[in-house]
Amino acid sequence: MALDLETREQLIDTVRRFVSERLRPLEAKVSEEDAMPPELVSEMKELGLFGLSIPAEYGGLDLSMEDECLVAVELGRTSPAFRSTFGTNVGIGSQGLVMFGTEEQKAKYLPGIASGDIITSFALTEPEAGSDSAAVQTRAVLDGDHYVLNGTKRYITNANKADLFTVMTRTDASRPGAGGVSAFLVERNLPGLSIGKPEKKMGQQGAHICDVIFDNVRVPAENRLGREGEGFKVAMQVLDRGRLHISAVCVGVAERLLTDCVAYANERKQFGQPIAAFQLIQGMIADCKTETLVAKAMVMETARKRDAGESVTMEAAAAKYFASEMVGRVADRAVQIFGGAGYVADHGIERFYRDVRIFRIYEGTSQIQQVVIARETLKRGG
Ligand code: COS
């Protein structure tokens, strides 16, 4: 549902203040401790951040994609690890259920997802199924009124905190590709489900990814999401939407880095004047600004198209491709503008440089986005 302009401004203003007053002061601490302070998670719940995208009838804020992207840009103005806390509930962990769930499934889980009492996670990737996500090997075999799940999922965001997983499995062993894949809602507390240790990552400390292991996990048949064989479509539609959200976060991070660069370039003096006076610095600032504007325009245009009911598979892939590569370039220039100060930890620039690297990889690598863009463009004839 699209917000009226006044409510939208109030929401953006509230999120902006939360980011600058509560999250930014904790960036270094969260990164060093690799943990999210529980009181901060409670505040995120109170603000309704876990339910941004959940329909109002289930207690969420029911934002349109355009409004969600505007909020995601604001959230991008701080360490991306904070957004990850509720990011799966807003996106990949909940949207399969929102788009494909039955009334019973939605009534059971969505209110808790909206409030943040249920943390969700999206389990697609496997050791042998990364970019080739139609190759999932985790098996789900029907046994009476349950499916029995066996297999391992890898690099699963928020797995160690999740109460509910959307799991892509192979229900039809005779169909090796996308057609044999089915999705399930799997509760964390089922016997046989275990979680691996959080991986040591390059960036985004405070957000965690782990293996999820299924050892004869019996999942009630009523927890299948969509029809048998429809799981790949569930995953792709969830990712179409997720890619757009991530693009908006990339724009926010780029805006944040640009603000930091401008402040530093005005303050730092060399050769008797602020480095902002030098045209080679100005060139880098101009490139950051231009590319950020382009990415923002792509994101907002695609969000409006999606809100209008159009398919945005290609546009979301293009936004993700451009925005994630763009923020990588902006972070690189930020290190350059800060010089030595950008390379040491004090200013947090090197942390952002590490944090943004994953944007080019998760929810589909840049190369997968290129594949999607090219296929769709060739299909459309231009
Ligand atoms: N929306 C709806 N349906 C889609 C779709 C989309 N965006 N993309 C594909 N499908 C459907 C196709 O229409 C096709 O259905 P039919 O068999 O009924 O025609 C089916 O899904 C298979 O599609 P396709 O042949 O394109 O599958 P491929 O195996 O070639 O894979 C890519 C397509 C590579 C694009 C896909 O595997 C992908 O996005 N990989 C990256 C996964 C990813 O992002 N992983 C990150 C982990 S999650 S953080």
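In listed order, ligands and their atoms are each counted from 1.
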Engineer: How far apart are the closest heavy atoms of Arg77 and Val19, and which atoms are they?
Structural biologist: O-CG1, 4.0 Å
Engineer: On a heavy-atom basis, which atom in Phe18 and which in Leu47 lie closest, and how many Å separate them?
Structural biologist: CG-CD1, 3.4 Å
Engineer: Rounded to the nearest 0.5 Å, what separates atom CG in Asp13 from atom CZ in Arg8?
Structural biologist: 14.0 Å
Engineer: Might you point out which heavy atoms bring Met168 and Ala183 nearest each other, and give the distance in Å?
Structural biologist: SD-CB, 3.7 Å
Engineer: Can you list every protein residue that has a heavy atom under 4.0 Å from any atom of ligand 1, sorted by chain and residue number?
Structural biologist: Phe122, Thr125, Ser131, Ser133, Ala134, Ala178, Phe232, Lys233, Met236, Gln237, Leu239, Asp240, Arg243, Thr313, Glu363, Gly364, Ile368, Val372, Arg375
Engineer: Which heavy atom of Cys69 sits nearest to which heavy atom of Ala248, and what is that distance?
Structural biologist: O-CB, 3.6 Å
Engineer: Establish, yes or no, whether a centroid distance under 6.0 Å links the rings of Phe184 and Tyr147.
Structural biologist: yes
